[in-house]
Amino acid sequence: MKRILSTIEIIGSFARDDHEFEVCASAEAGFDEVKSQLLLDLDSFVRPVDNRSKEKHLPAGWLPRKECLKESVSEEDAVSLAREIFHRWVGKVRRSVPSPIHNH
């Protein structure tokens, strides 16, 4: 399995109880050369914007559930397909964010 993409996009931020949080979308993609298959894990989470503590992902019921996709694709097209799918995922996560949260 060859790793081809690992990315996080910050969707928005909000404050609660004097703490700042970010809403994020992420993707981890690999390419299975034997099966010519893109394997893509899409996730969304809330994390504190605190550099002093270890990063932790907090649950938020309004965010989409994690998705794991498999797509048959050539190795040449795998990265661009992974980016395209991630771009759509970011849109889905953005649409799920409640309106009081500041969107980026």
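Note that the structure is a prediction, hence the values are computed from the model and not measured. Throughout, numbering of the chain's residues begins at 1 and tracks the sequence.
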Using 30° and 60° as the class limits, which term best fits the ring planes of Trp62 and Phe14: parallel, tilted or perpendicular?
perpendicular
Side-chain contact test, heavy atoms from C-beta onward, threshold under 4.5 Å: evaluate it for Val90 versus Ile11 and give yes or no.
yes
Qualifying residues under salt bridge (charged side-chain N to carboxylate O under 4.0 Å, His left out), relative to Glu84, sequence neighbours excluded
Arg88
Establish whether Phe21 and Val97 are linked, either directly or via other cluster members, by ILVMFWY side-chain heavy-atom contacts under 4.5 Å.
yes
Report the residues that fulfil ring-ring contact (aromatic ring centres under 6.0 Å, His included) with His57, sequence neighbours left out, ordered by chain and then residue number.
Phe45
Applying salt bridge (charged side-chain N to carboxylate O under 4.0 Å, His left out), can you list everything that pairs with Arg83, at least two apart in sequence or on another chain?
none
Partner set under side-chain hydrogen bond (donor to acceptor under 3.5 Å, both in side chains) for Asp32, not counting sequence neighbours
none
Quick one: does Lys35's side chain get under 4.5 Å of Lys70's, heavy atoms only?
no
Out of curiosity, Leu69 CG to Phe86 CZ, how far, rounded to the nearest 0.5 Å?
13.0 Å
Using every non-hydrogen atom in the two residues, find where Asp41 and Cys68 come nearest and quote the distance to one decimal.
OD1-SG, 3.1 Å
Got a second to check how far Ile8's CD1 is from Ser26's OG, nearest 0.5 Å?
5.5 Å
Flag side-chain contact, heavy atom, 4.5 Å: Pro48 against Leu58:
yes
When rounded to the nearest 0.5 Å, the distance separating CD1 of Ile4 from CG of Leu40 is 8.0 Å
When rounded to the nearest 0.5 angstrom, what is the spacing between CD in Gln37 and CZ in Phe31?
9.0 Å
Pro64 and Ser44 have their tightest heavy-atom pair at O-OG, 3.0 Å
Run the salt bridge (charged side-chain N to carboxylate O under 4.0 Å, His left out) test against Glu67 and tell me which residues pass, sequence neighbours left out.
Lys92
Roughly how far apart are Glu71 CD and Leu81 CG, rounded to 0.5 Å?
6.0 Å
Could you pull out the closest heavy-atom pair between Ala29 and Leu38, with the gap in Å?
CB-CD1, 4.0 Å
The criterion is salt bridge (charged side-chain N to carboxylate O under 4.0 Å, His left out); which residues satisfy it with Arg3, sequence neighbours excluded?
Glu28
Is there a path from Val93 to Val46 through hydrophobic residues (I, L, V, M, F, W, Y) whose side chains come within less than 4.5 Å of each other?
yes
